[in-house]
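Scroll down for the structure; my scribbles are underneath it.
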Amino acid sequence: MAASISDNISNVKRRIALACERAGRQALDVKLVAVSKELDVERFKEIIPFGLKVFGENRVQDFLKKFDAVDADLEWHIIGHLQRNKARALVGKVSLIHSLDSLNLAATLNRLSEIQGYPWQVLVQVNVAGEDTKFGLHPSALSSFLDEIREMSGLKVWGLMTIAPYCKDPEEARPIFRRLRELKEEMSRTKPWLELRHLSMGMSNDFEVAVEEGATLVRVGSTLFGSYS
Ligand SMILES: *Cc1c(COP(=O)(O)O)cnc(C)c1O
């Protein structure tokens, strides 16, 4: 089992590097966010020695259990819909929130940043495919959303995030990823005060296509840990 985890990690890293090569990008520009949500705390502790440093969780309770259980110097990202009343528990503990999806949440985080003592680093989640089942702003609402949170000094918006619909053929996700990249370019051009650096896109099924389309953060869970959880 141990061998297979380290194989999985090196495989995913190799596939990211190859996708970068195809796209003429530097492998260093893509960060692997290991999604540990399917691992319980015991399993999670077992995979720490394999050297992954950046972890993504989508439920606050699951994140806190793991955060409290390990001393290792890890970087934590919240990647799923965040309820406002759970945000306080994250103060001082997370490096990036990928899933800013409403003005209410923005206002809550902005207020909490005073307790935290520094701004939250966030990505705005965009529901590019317009699926009813997914959170995130409609692409047409993104521009005014960014204007509305501009004055919130407790938020630092570093980019955009999306979740593509699951398709057997990852090529079908390509237009979604491309659209997110275009939105980032469009927002950067029309709002020079923004510093959008990141595109969080791509999961186990489609991360290579996402990297080819410009992802800087890929969120991979089952391909790393599927056999282990
Ligand atoms: C679970 C999850 C992932 C990882 O999905 P896999 O298909 O297991 O790689 C990525 N992003 C989000 C938002 C998730 O909830």
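Both counts, for ligands and for their atoms, begin at 1 and track the order of listing. Numbers here simply count residues along the sequence, with the first being 1.
Protein heavy atom closest to atom 8 (O) of ligand 1, with residue, atom name and distance, is Ser222 N, 2.8 Å. Atom 11 (N) of ligand 1 has as its closest protein heavy atom Arg219 NE, 2.9 Å. Nearest to atom 14 (C) of ligand 1 among the protein's heavy atoms is Lys37 NZ, 3.0 Å. Given atom 5 (O) of ligand 1, the protein heavy atom at minimum distance is Met203 CE, 3.5 Å.
A distance of 6.5 Å separates OG in Ser36 from CD1 in Ile47, rounded to the nearest 0.5 Å. To the nearest 0.5 Å, atoms OG1 (Thr216) and CZ (Arg181) are separated by 12.5 Å.
Heavy-atom contacts of Val220 reach the following atoms of ligand 1: 9 (O) (cutoff under 4.0 Å). Atoms of ligand 1 lying under 4.0 Å from at least one heavy atom of Asn58, given by number and element, are 15 (O).
Summarising the geometry of Arg219 relative to Ile79, their closest heavy-atom pair is CD-CG2, 3.9 Å, with the distance given to 0.1 Å.
The proximity of Ile79 to ligand 1, defined as any non-hydrogen pair under 4.0 Å, involves the side chain as well as the backbone. Here Thr223 has no heavy atoms under 4.0 Å from ligand 1, in either its backbone or its side chain.
Atom 9 (O) of ligand 1 has its nearest heavy-atom neighbour, among Ser200, Ser36, Ser204, in Ser204.
Using a 4.5 Å cut-off between side-chain heavy atoms of Ile, Leu, Val, Met, Phe, Trp and Tyr, with links allowed through other members, Ile78 and Ile115 fall into the same hydrophobic cluster.
Proximity of a side-chain donor or acceptor of Ser99 to a complementary backbone N or O of Gly80 within less than 3.5 Å is detected.
Note on Lys156 versus Glu195: salt bridge recorded, some NZ/NE/NH1/NH2 to OD/OE distance being below 4.0 Å.
Looking at Leu64 and Lys93, their side chains come closer than 4.5 Å, going by heavy atoms from C-beta outward.
Ligand 1 has no N or O atom lying under 3.5 Å from any N or O atom of Ile163, backbone or side chain.
Under the 4.0 angstrom criterion for non-hydrogen atoms, Asn205 is not in contact with ligand 1.
The neighbour count for Glu171 CD, taken as heavy atoms of other residues, nucleotides or ligands under 6.0 Å away, is above 12.
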